[in-house]
Amino acid sequence: METFEDVRRLRLVGGNLALDFVNTRTGPPVGPPDDDVLTGYPELVAWAGYAGVLTDAEMARSLRLQRDDPDATQAAFVRSQRTRDRLDEVFRALATGRDPSRSALARLRDDEAEALGHARLDRAGSFVWTWRDDHTADRPLRPVVHAAVQLLTTGTLDRIKGCGGCRFVFIDESKNRSRRWCSMDDCGTAEKARRYVAARRTRASR
Ligand SMILES: [Zn+2]
C-alpha cells in the first residue's frame, strides 16, 4: 500500500484549507514553483485525508473510484489543478496588496456553485455545508473551493501574506501582524542561519 510520504511531510501552515491547498506546490517566493506533491488523483485524495476533509472511509471510496473509473478521476484531478492555479492567483494577488482578476473570481464563483450543488446542510451547532452524500470524483476538492470563498467573503484579507523564504501563503494571526515566515522551523530558521553567517562574515572582514 502506498504511504504518500511526500504528502504527509507537507506542513499545513496556511491557517485555511484553501491556502494549504495552494501550498501543495513548493519553491522560491517569486517565480514558478519547483515541486508539486499532487502528482495524481491518489495524491489528491491522500492530501485531502491529511488535511482533514476526507474521512478514512471517504478516502478508501475515492481510491476505489480511481480503480473503477480512472477517466472520471483523471478529469477531476485536472480540474483540481486548474482550481489550484486560480486560488494561487487570487491569494497571491491579495498577499501582495493587489486585487485578483475578475476572470479568476468568476471561475471561482462557478466552482463554488458546482460545489454547493453537491453539498448538504448538516447541523453542527449552527448549520454547515458538508459533502457526505457526494460520491463523485470531485469530492476531495469541494471543501477546498468553499473554504476559499469563505475566506474571501468573511476573512480579514490584509492578514493574508506570502512567506519571505518560500512560495507558501498563510494567514497572519499574530497580534501585531508580524509573522514573516510560513514556519519558524523551516524558512524562519533558514533566515536566522543566513543572517548569522552574514554577520560572522562582516566581523571577520573587519
Ligand atoms: Zn516559507
Side-chain angles (χ1 to χ4, degrees), residues 3-40 42-54 77 80-101 104-105 108 111 140-141 143-202:
T3 55
F4 301 110
E5 262 180 53
D6 285 352
V7 170
R8 286 164 193 284
R9 258 202 302 270
L10 267 186
R11 289 173 188 270
L12 300 175
V13 293
N16 174 279
L17 186 63
L19 300 186
D20 283 328
F21 189 56
V22 169
N23 295 345
T24 50
R25 283 191 293 205
T26 54
V30 287
D34 57 21
D35 205 3
D36 184 352
V37 298
L38 300 188
T39 48
E43 285 72 20
L44 173 66
V45 170
W47 176 84
Y50 177 59
V53 294
L54 291 185
F77 174 64
S80 78
Q81 289 185 304
R82 272 192 225 126
T83 296
R84 187 177 55 179
D85 284 341
R86 270 165 228 166
L87 299 181
D88 195 299
E89 183 191 333
V90 166
F91 290 111
R92 211 164 290 286
L94 290 170
T96 50
R98 290 176 292 120
D99 272 336
S101 73
L105 292 172
L108 183 56
D111 283 353
L141 190 64
V144 175
V145 167
H146 186 58
V149 172
Q150 276 208 303
L151 178 56
L152 288 175
T153 52
T154 65
T156 310
L157 299 185
D158 59 3
R159 285 189 181 269
I160 298 172
K161 291 185 179 177
C163 177
C166 76
R167 65 177 283 112
F168 277 19
V169 283
F170 58 83
I171 301 178
D172 180 4
E173 307 272 15
S174 68
K175 229 183 218 164
N176 52 2
R177 303 187 184 208
S178 58
R179 181 172 160 194
R180 294 175 58 201
W181 317 109
C182 61
S183 137
M184 273 321 286
D185 296 341
D186 282 330
C187 292
T189 305
E191 173 66 12
K192 264 193 273 177
R194 196 191 60 75
R195 272 195 232 146
Y196 176 75
V197 170
R200 267 179 47 146
R201 216 174 273 142
T202 312

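Predicted, not measured: the structure shown is a model, and the values here were computed from it. Just so you know, ligand 1 is whichever comes first in the structure, and atom 1 is the first atom listed for that ligand.
Protein N/O/S atoms nearer than 2.8 Å to the Zn ion (ligand 1) total 4.
Judged purely by atom type and a 3.5 angstrom limit, D20 uses its side chain to pair as donor or acceptor with the backbone of V13. For the pair D6 (side chain) and V37 (backbone), a donor-acceptor distance under 3.5 Å is absent. Not one N or O on the side chain of T154 forms a donor-acceptor pair closer than 3.5 Å with the backbone of L151. Put simply, the side chain of N16 never gets that close to the backbone of A148: no donor and acceptor are under 3.5 Å apart. A donor-acceptor contact shorter than 3.5 Å is absent between the side chain of T156 and the backbone of R159.
Donor-acceptor pairing under 3.5 Å is recorded for the side chains of S178 and N176.
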